[in-house]
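Just so you know, ligand 1 is whichever comes first in the structure, and atom 1 is the first atom listed for that ligand.
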Amino acid sequence: MDRRKFIKSAVAGSSWLLASNHLKGVLPLQAAAARPAASGLSRVEARYYDKLPDREIKCRLCPRFCRLGDKERGFCGVRENRDGKYYTLVYGQVASYNLDPIEKKPLFHFLPGSTAFSIATAGCNVACKFCQNWEISQMRPEQVKSRYLPPDSVAEAAAKYNCPIVSYTYSEPVIFYEFMYDTSLEARRKRLRNAVISNGFINPEPLTELIKVVETIKIDLKAFNQDFYTNYVHGELKPVLESIKQIARSKVWLEIVYLVIPTLNDRPEEIRQMARWLKAEIGPEYPLHFTRFQPMYLIKNLPPTPVSTLEKLRQLAMEEGLHYVYLGNVPGHPAENTYCPNCGQMLIERYGYTIKKINMSGNKCRFCHQIIPGVWS
Ligand code: SF4
């Protein structure tokens, strides 16, 4: 496959796991000055941990606060205590990379039509039973094929492929925090932007620092009740809500995605509560995407979300006052488009991940000049 065909197929969103093979040999690996350990695991000291007596450590990166003895790893499987010092094992260890339209993340109010150079390592700090990237997220670094791409090589590759954005995505970028942070700085040096696609399960202190070096964060809000987080995510809702509030208070652009799973998190009352909470805590302007579930991983016994359910939930969220509520994984649906909340005109027409038309002048509606929140240039 030649480069043009590859980019076309990648943009169509059909082959991201294969993409790394297609890119082999053309990425600027010569920029990789520091080599990883022979094991294929990195040995870079982790940030956000406390040293405890008897060579124990406590990780402070995410709300799990894993407490570990010598040679033990945290829940995420990619951070290890070696003799009382804590290391990230996945710094520069890229398990998947691809060129994605930013609409695939989905981010709809952030440089529409742009391509993001997207990377992930193995590992995750939660364990969603419906994970669509479980082949890397639920694996330890030894269980996946990785390729060594340090931060400067990632930024160089993104620039080479004319991607204005580097995206940290697929698995959970919080668990490769050090790699993501340093890559963001390298990307900024090349005047690229950084997009973090996260579950929001991170502590306030590392999030405060991350916010200083990235331009946008998309948070997957997986439900609006703790029971779902306990039974299907193996995580906690409250810290995620705190992250959403913290990001909204910053200058970083925020969008929220809610994957609607039939019978598990699709109760209208729950959605109303969530929409009310979002409006009260962060305002009506941040986009909310309801996306369609497809049976996968450990939840194969449920059908895809009926489109009528998605439409009903969107209606409820808009009744509660949210201005930009989208539907995802329903190509061709009118709720993929952006409409002006003032005059109702269509501002951005989409089909799947493709932009068909933009009716905006800068950051304003072309018809009534209403300012549309987002990052448009
Ligand atoms: S980042 Fe990993 S090791 Fe640290 S607290 Fe979270 S799950 Fe545990």
- Hey, are the side chains of P373 and Y286 touching, using non-hydrogen atoms and a 4.5 Å cut-off?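 No, too far: nothing below the 4.5 Å cut-off.
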
- F65 atom CZ, neighbour heavy-atom count above 12 within 6.0 Å: yes

- Message: Closer than 3.5 angstrom, by distance alone: can the side chain of N133 be matched with the main-chain N or O of I136 as a donor-acceptor pair?
- Response: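 No: the side chain of N133 does not pair with the backbone of I136.
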
- Message: Keeping R292 on the side-chain end and N329 on the backbone end, is there a donor-acceptor pair under 3.5 Å?
- Response: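 Looks like no, no N/O pair under 3.5 Å.
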
- Message: Test of understanding: given a 4.0 Å heavy-atom threshold, classify the contact between Y86 and ligand 1 as side chain, backbone, both, or neither.
- Response: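 Only the side chain of Y86 comes within reach of ligand 1.
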
- Item | Element-labelled atoms of ligand 1 that are located less than 4.0 Å from some non-hydrogen atom of G74 | 3 (S)

- Item | Per-atom contacts, ligand 1 versus R64 - under 4.0 Å to a heavy atom | 5 (S), 7 (S)

- Query: Hey, is atom 6 (Fe) of ligand 1 within less than 2.8 Å of some N/O/S atom on C62?
  - Reply: yes

- Query: From C76, does some N, O or S atom reach closer than 2.8 Å to atom 2 (Fe) of ligand 1?
  - Reply: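 It does; at least one qualifying atom falls short of 2.8 Å.
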
- Task: Give, for atom OH of Y91 and atom OH of Y181, the distance between the pair rounded to the nearest 0.5 Å.
- Result: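 Separation between the atoms: 11.0 Å.
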
- Task: Kindly compute the distance separating OG (S377) from CG (L111), expressed to the nearest 0.5 Å.
- Result: 7.5 Å

- Task: Starting from atom 8 (Fe) of ligand 1, find the nearest protein heavy-atom neighbour and note its residue, name and distance.
- Result: C66 SG, 2.2 Å

- Query: What protein heavy atom sits nearest atom 4 (Fe) of ligand 1, and how far away is it?
  - Reply: C59 SG, 2.3 Å

